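Here the structure is a predicted model, which is why all the values come from computation and not from measurement.
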Amino acid sequence: MRYSKAERVYVSGEAVVPVANCDVKEYNSNPKEHLKLKEYISYWKDHIKKNYRSPRGCLYLKDWHLHRAFPDQDVYTTPIYFSSDWLNEYWDAIAVDDYRFVYMGPKGSWTPFHSDVFRSYSWSANICGKKKWLVFPPGQEEPLRDRHGHLPFDITAPDLKKSNLYPRYAQSSPPVEIIQEAGEIVFIPSGWHHQVYNLEDTISINHNWVNGCNVAIMWSFLQDELAAVQREIREWKDSMEDWHLQCQVLMKSYTGIDYKEFYNFLKIIAENRMYVLEKHHSEEDASKHSYRAAISGLGMLHAVFDLKRTAKVLTSLNANEDFKKLNPEKLSPPPQAFLHRLKAAIDTALL
């Protein structure tokens with residue numbers, strides 16, 4: 001992983017950053033506040049001086065969109081192994097959000113038990129410090145659910161051993177434990193639940209990402225999420241006008257995406273790959289679209305692979321009954337027509 005020289009990077013102490021209080025549980029997460037970066041660094045220094053016992057608690061700067069906040073600062077380059085990143089490619093294209101984060105926290109700060117957004121992959125690079133990861137392969141989190149079916153906030157909590165609260169805990173397997181040193185990167189596959197501790201004062205860079213290898217898992221996750229919403233409000237199905245649309249609204253409020261946006265996601269990714277395959281576009285034209293320029297280094301076979309994976313998921317989306325209720329023929333372009341164009345691009349590339 002390449003980092004830029006210090007003299008080239010300037011991040012203002014006036015930057016506002018999200019900070020979680022690791023000592024407090026609010027619903028199923030740590031409550032957050034927003035501080036200026038210089039205020040957080042001042043707190044951190046004071047916390048260390050007080051032997052990590054600040055009266056303000058253990059505060060953790062996390063989920064800071066440094067890349068989005070300072071797009072002109074060349075802070076680091078994504079390792080090539082993780083560069084096929086549809087998630088950030090899409091959100092860069094629509095200029096709304098991103099899934100690139102900086103985490104900075106003192107010894108003792110931690111992240112509760114969870115799996116990553118959209119069942120994406122994630123990678124985490126330690127710039128300095130040391131982390132401990134407790135990781136569960138898909139399915140091994142199931143015995144950790146409480147009697148109501150909810151996963152725990154903290155998998156080390158003593159309450160998990162109470163069979164009246166966690167009836168299947170005795171059947172659970174121990175997690176995979178990883179100690180991550182400075183300069184090391186941890187890759188977390190789709191659907192692997194994890195809990196993470198900073199064993200030392202630590203700074204890390206973290207990305208969530210999706211590509212052709214796990215986009216089908218993302219699509220499966222979205223179907224499961226919609227089904228869960230439908231179960232929750234099924235009693236109003238007959239009485240609520242546009243019940244199926246309300247289900248999409250609720251799903252998006254919880255997950256961050258609905259079926260129409262998922263189609264737009266697939267469309268933009270596919271358009272970028274078709275763009276790569278079309279030889280008549282000039283490099284100058286590509287430079288006008290930074291998100292397209294970023295993937296212009298894809299080889300033909302990689303672009304075709306991505307298009308094939310996109311076509312497979314788009315075929316499934318088009319056949320989905322809940323998607324059909326959203327009048328997809330009114331989308332631009334209509335998904336079925338776009339799928340024909342996508343398949344034609346694949347066929348042409350393979351000639």
Side-chain angles (χ1 to χ4, degrees), residues 84-97 118-120 190 209-230 237 241-281 289 291-292 295-296 298 300-351:
S84 179
D85 179 351
W86 296 10
L87 206 56
N88 287 300
E89 178 185 335
Y90 170 70
W91 262 272
D92 285 349
I94 63 173
V96 171
D97 201 355
F118 307 139
R119 293 299 181 267
S120 59
S190 294
W209 51 302
V210 170
N211 61 28
C213 296
N214 68 337
V215 66
I217 296 175
M218 179 181 180
W219 169 226
S220 179
F221 164 75
L222 293 177
Q223 292 175 83
D224 290 344
E225 289 298 299
L226 180 61
V229 169
Q230 291 171 337
K237 183 175 183 179
E241 186 177 357
D242 294 330
W243 178 83
H244 61 286
L245 294 178
Q246 292 303 317
C247 289
Q248 293 286 325
V249 170
L250 289 172
M251 181 182 74
K252 186 170 184 176
S253 70
Y254 181 67
T255 66
I257 196 171
D258 59 16
Y259 278 15
K260 283 186 177 180
E261 183 159 22
F262 183 61
Y263 167 63
N264 196 47
F265 167 77
L266 295 175
K267 180 187 74 172
I268 286 179
I269 295 303
E271 285 177 338
N272 288 349
R273 272 76 190 150
M274 288 188 283
Y275 184 91
V276 168
L277 296 176
E278 291 170 358
K279 303 299 184 182
H280 63 272
H281 287 288
H289 306 275
Y291 58 91
R292 283 183 170 171
I295 55 94
S296 62
L298 286 179
M300 188 192 75
L301 292 179
H302 192 161
V304 170
F305 171 83
D306 284 356
L307 286 175
K308 285 183 174 181
R309 291 302 179 98
T310 307
K312 184 174 182 179
V313 173
L314 183 54
T315 299
S316 176
L317 178 64
N318 282 338
N320 182 274
E321 292 301 322
D322 291 301
F323 185 60
K324 290 178 181 178
K325 293 174 183 176
L326 303 177
N327 298 320
E329 66 279 358
K330 294 183 179 180
L331 297 174
S332 180
Q336 196 61 46
F338 186 72
L339 180 60
H340 288 315
R341 179 186 162 204
L342 195 163
K343 289 180 177 179
I346 296 171
D347 292 341
T348 300
L350 294 177
L351 288 177

How long is the span from the OH atom in Tyr259 to the CG atom in Leu331, to the nearest 0.5 Å?
14.5 Å
In Å, rounded to the nearest 0.5 Å, how long is the span from CG of Asp92 to CG of Asp97?
10.0 Å
Heavy-atom check, side chain of Trp219 versus side chain of Asn320, under 4.5 Å:
yes
Pro328 to Pro335 - nearest heavy-atom pair and separation:
O-CD, 3.0 Å
Salt bridge Arg273-Glu89, side-chain N to carboxylate O under 4.0 Å:
yes
Can you tell me how far CG of Asp322 sits from NE2 of His244, rounded to the nearest 0.5 angstrom?
9.0 Å
Derivation and outcome, ring pair (Phe, Tyr, Trp, His ring centres under 6.0 Å), residues Phe118 and Trp209
CA-CA 9 Å; Phe118 307 139; Trp209 51 302; over 10 Å; no
Please give me the minimum heavy-atom distance between Val210 and Ser120, naming the atom from each residue.
CG2-CB, 3.8 Å
Can you confirm whether Ile268 sits close enough to Ile94 that some side-chain heavy atom of one is under 4.5 Å from a side-chain heavy atom of the other?
yes
At their closest point, which heavy atom of Glu261 faces which heavy atom of Gly256, and how far apart are they?
OE1-O, 4.0 Å
With rounding to the nearest 0.5 angstrom, report the OG1 to NZ distance, Thr310 to Lys343.
12.5 Å
Quick one, Lys260 and Gln248 - any side-chain contact, counting heavy atoms below 4.5 Å?
no
In terms of relative ring orientation, are His302 and Phe305 parallel, tilted or perpendicular, with 30° and 60° separating the classes?
perpendicular
Got a donor-acceptor contact below 3.5 angstrom from the Lys267 side chain to the Ser332 backbone?
yes
Donor-acceptor under 3.5 Å (Asp85 side chain, Asn88 main chain)
yes
Can you list the steps and then say if Asp224 with Arg119 is a side chain to side chain contact (heavy atoms under 4.5 Å, CB included)?
CA-CA 11 Å; Asp224 290 344; Arg119 293 299 181 267; over 6 Å; no
Taking the side chain from Asn211 and the backbone from Ser84, do they hold a donor-acceptor pair closer than 3.5 Å?
yes
Return yes if some donor-acceptor pair links the side-chain N/O of Ser253 with the main-chain N/O of Leu250 below 3.5 Å, else return no.
yes
pair Leu266-Val215: side-chain heavy atoms closer than 4.5 Å
yes
Spacing of CG belonging to Asn264 relative to CG belonging to Asp258, to within rounding of 0.5 Å:
10.0 Å
More than 12 heavy atoms of other residues, nucleotides or ligands under 6.0 Å from CD of Glu241: yes or no?
no
Side chain to side chain contact (heavy atoms under 4.5 Å, CB included) between Thr315 and Leu339: does it pass, once the steps are laid out?
CA-CA 7 Å; Thr315 299; Leu339 180 60; 3.5 Å; yes
What pair of heavy atoms forms the shortest contact from Pro334 to Glu329, and how long is it?
CG-O, 3.7 Å
Atom of Leu87, atom of Met218 and distance for their closest heavy-atom approach
CD1-CE, 4.5 Å
Does some side-chain heavy atom of Thr348 sit less than 4.5 Å from a side-chain heavy atom of Leu277?
no
Please work out whether the ring planes of Phe338 and Tyr263 are parallel, tilted or perpendicular, with thresholds of 30° and 60°.
perpendicular
Starting at NZ of Lys252, measure out to CZ of Phe262 and round the result to the nearest 0.5 Å.
14.0 Å
Take a 6.0 Å sphere around CG of Leu301 and say whether it holds more than 12 heavy atoms from other residues, nucleotides or ligands.
no
Test side chain to side chain contact (heavy atoms under 4.5 Å, CB included) on Leu314 and Asn318; report intermediate values, then the result.
CA-CA 6 Å; Leu314 183 54; Asn318 282 338; 4.0 Å; yes
Over 12 non-hydrogen atoms of neighbours within 6.0 angstrom of NZ in Lys237:
no
Closest approach of Val276 and Ala303, non-hydrogen atoms and distance?
CG1-CB, 4.3 Å
